[in-house]
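Quick note on labels: first sequence line is chain A, next is B, and so on, each numbered from 1. Keep in mind it's a predicted model, so treat the numbers as computed, not measured.
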Amino acid sequence: MQEEKQFVNAIADIEKNFPQWFTDVVIKTKLVDYGPVKGTMVMRPYGYAIWERIQQHMNKMFVATGHQNAYFPLFIPASFLNKEKEHVEGFAPEVAVVTMAGGEKLAEPLIVRPTSETVIGEMYAKWIQSYRDLPILINQWANVVRWEKTTRPFLRTSEFLWQEGHTAHATEEEAMQETLQMLGIYKKFLEEYLAIPVFTGQKTEKEKFAGAVATFGVEAMMKDGKSLQSATSHYFGQNFAKAFDIQFLDADGKHKHVYTSSWGSSTRMIGALIMTHGDQRGLILPPKVAPIQVIIVPIMQKKQGVLEAVANLKSKLHNAGIRVEADQTENTPGWKFNEWEMKGVPLRIELGPRDIAQNKVILFRRDKLEKIELSLDSVEEKVKELLENIQCALYESALMRRQNRIVVANTEKELKDAVDNGNFVQAGWCGDRSCEEQIKSNSAASARVILDETNKNVVFSTPPHPIEANTVCVCCGKKKKHVVLFAKAY
RNA sequence: CGAGGUGUGGCGCAGUUUGGUAGCGCGCUUGAUUUGGGAUCAAGAGGCCGUGGGUUCAAGUCCCGCUACCUCGACCA
């Protein structure tokens, strides 16, 4: 067995230095680069192409459930943020404020939106008169700014791209139903398109969104055992409706405040993708969102007939609806193999004179690092089949890894040991905030989601281990109120 | 925001202890030979050493400030 050669541009060891591995991968594969302003990132074409595919698929799901896209302004009067007490307390520390414009000091400072509940609330108040105007189901694809202290590409940047849905309803039930429906859509998207298994459930009071009545989260386990919140959905009750006076005249002739929801997911999902599937060689992209699904590497491309055969194969695959590119640069085949593996292209096809003579090609699966020989004649069908297979295999292996790393804990020590070893923890919790805070300060693990013991809604994750395993609060030992998933989080 | 680390051709680094002509590897350009797991040879191009100030005859090197990035905390949907 030959040792893997060390290269000057080698990426950090994924086992020993996961954070550095992540940074190396995103920079070296040209997904992103750092912007000139602290905490900002440039999404380069390869990274942006992934985002475009995410947008495309998600947007279809939003439209299919009756939502429409719109766009609200970047600038928000500073006073808007103050209208909802908890909201301002949550966001004030991290907003960027514009105080000067056009060479003059502004009478009222403008904030650069950290999220758009407030402007949208203001507009909904104007647009909604009657119960006939409801529901309003709007989504926007936008950028938001949050001045975070620690920033990392994709995971936490000063400015990021996301979608935020904002809906208004006549009744509590309908608004809650919407909130949970969207939670379900996120779960479906992450699992089916990004091949990331997730836990869904309600957030604790401590972890909920500033201004929400209830927050629901989608949590995924990264390869280092930490959890990444990959999307959230909030039920606001009438909090924002009252703050922005969003009222309608109901069929019974009475004025009522609407019930609102909001839900969001961001470019952070690309971070989740990388940290769920990547390996020592770099990225592994699920075929459904990979900008390039198949890369053709010509062997001895100057030999007569090779590039023609490559062009034929490329157009054959392209016509079959496969995203395919051929690498005809002057680099050696070995260089190209490594490069495209690092970039996570799910399938590689090697095509050289020997293959042409024998009417075959060599396929290489990025996820399993297997070479497969097959006839040129049936290549489209086989490639399509393999792409589907890779999509499933990525999900399966992520799921299996996650299942092996969820531990039941009944004491704080067990909990701490488990999370320190890169596990998620299923534990009982009495419901007291003081216990939750103590667990956080002792173990660095936070409550990610409350697991659903009763299976009352199919969208919520049930405890992975039997609930009899947790009868008491992991912190105080009193009778448990909820079963909670604890983990260190990004 | 706290502790620690790092900023030197595009990238990765040495040089800083002990101040005295800016170096190496990769990449890049040109040409030739190569091509089935990061090719070889030859000839080239490319640097106010992160930034502002100070000490000195002389600063990449010493002193002070600032800034960016990395790690760990704190903070944070």
Side-chain angles (χ1 to χ4, degrees), chain A residues 2-12 16-24 27-28 30 33-41 86-87 89-95 114-115 117 144 146-153 155-158 160 162 164 203-204 206-212 214-219 228-234 236 262-266 268 281 297-303 306 327-342 348-356 358 360-362 364 369 371 373 440-441 444 446 448-449 488-490:
Chain A
Q2 253 189 329
E3 235 178 272
E4 191 123 334
K5 234 167 142 185
Q6 283 298 307
F7 302 104
V8 179
N9 287 327
I11 50 189
K16 292 186 188 132
N17 195 348
F18 195 71
Q20 189 63 52
W21 170 87
F22 178 80
T23 309
D24 285 352
I27 299 292
K28 287 180 175 159
K30 299 192 169 81
D33 205 347
Y34 290 107
V37 174
K38 179 180 157 51
T40 60
M41 73 174 180
E86 287 182 19
H87 192 65
E89 284 170 6
F91 282 103
E94 57 185 67
V95 289
T115 179
E117 276 74 12
V144 287
R146 297 180 188 183
W147 222 253
E148 303 281 3
K149 286 176 179 152
T150 301
T151 56
R152 304 191 54 200
L155 305 179
R156 181 169 287 112
T157 46
S158 304
F160 57 92
W162 77 344
E164 49 179 325
K203 290 278 185 181
T204 61
K206 181 179 185 299
E207 300 283 332
K208 84 174 186 195
F209 178 81
T215 287
F216 302 89
V218 179
E219 297 282 331
L228 185 69
Q229 180 169 314
S230 307
T232 52
S233 189
H234 315 289
F236 290 130
S262 85
W263 25 277
S265 66
S266 71
R268 180 185 265 191
R281 296 193 188 188
V297 175
I299 311 291
M300 295 195 269
Q301 61 188 18
K302 285 182 185 164
K303 289 264 159 41
V306 173
D327 184 351
Q328 299 180 11
T329 60
E330 294 291 314
N331 297 309
T332 62
W335 191 93
K336 293 175 186 175
F337 295 168
N338 286 293
E339 179 72 8
W340 291 108
E341 281 166 19
M342 183 170 77
R348 173 176 80 234
I349 300 182
E350 301 170 25
L351 185 57
R354 196 194 300 163
D355 310 298
I356 295 164
Q358 297 171 28
K360 66 167 176 66
V361 290
I362 307 285
F364 179 86
L369 306 175
K371 283 199 179 187
E373 205 176 288
K440 179 84 194 278
S441 69
S446 53
R448 303 319 303 160
V449 289
K488 291 186 184 177
Y490 275 94

Starting at [atom1] of [X] and ending at [atom2] of [N], how long is that distance when rounded to a whole Å?
| X | N | atom1 | atom2 | result |
| --- | --- | --- | --- | --- |
| A:E219 | B:A77 | CD | P | 13 Å |
| A:I299 | B:U34 | CD1 | C1' | 14 Å |
| A:Q229 | B:C76 | CD | C1' | 11 Å |
| A:E330 | B:U29 | CD | P | 10 Å |
| A:M41 | B:C70 | CE | P | 13 Å |

Problem - Pairwise P distance for B:C62 and B:G10, with rounding to whole Å - result: 24 Å

Exercise for the section: Taking the six-membered ring of A:F160 (Phe, Tyr or Trp), confirm whether the NZ or CZ of A:R268 is under 6.0 Å from its centre and within 45° of its axis. Expected result: no

Quick one: which of [options] gets closest to the side chain of [X]?
| X | options | answer |
| --- | --- | --- |
| A:T232 | B:A77, B:U35, B:G38 | B:A77 |
| A:R348 | B:G37, B:U34, B:G36 | B:G37 |
| A:T23 | B:A39, B:U71, B:A77 | B:U71 |
| A:K371 | B:G37, B:U71, B:G36 | B:G37 |
| A:W335 | B:C70, B:G38, B:G36 | B:G38 |

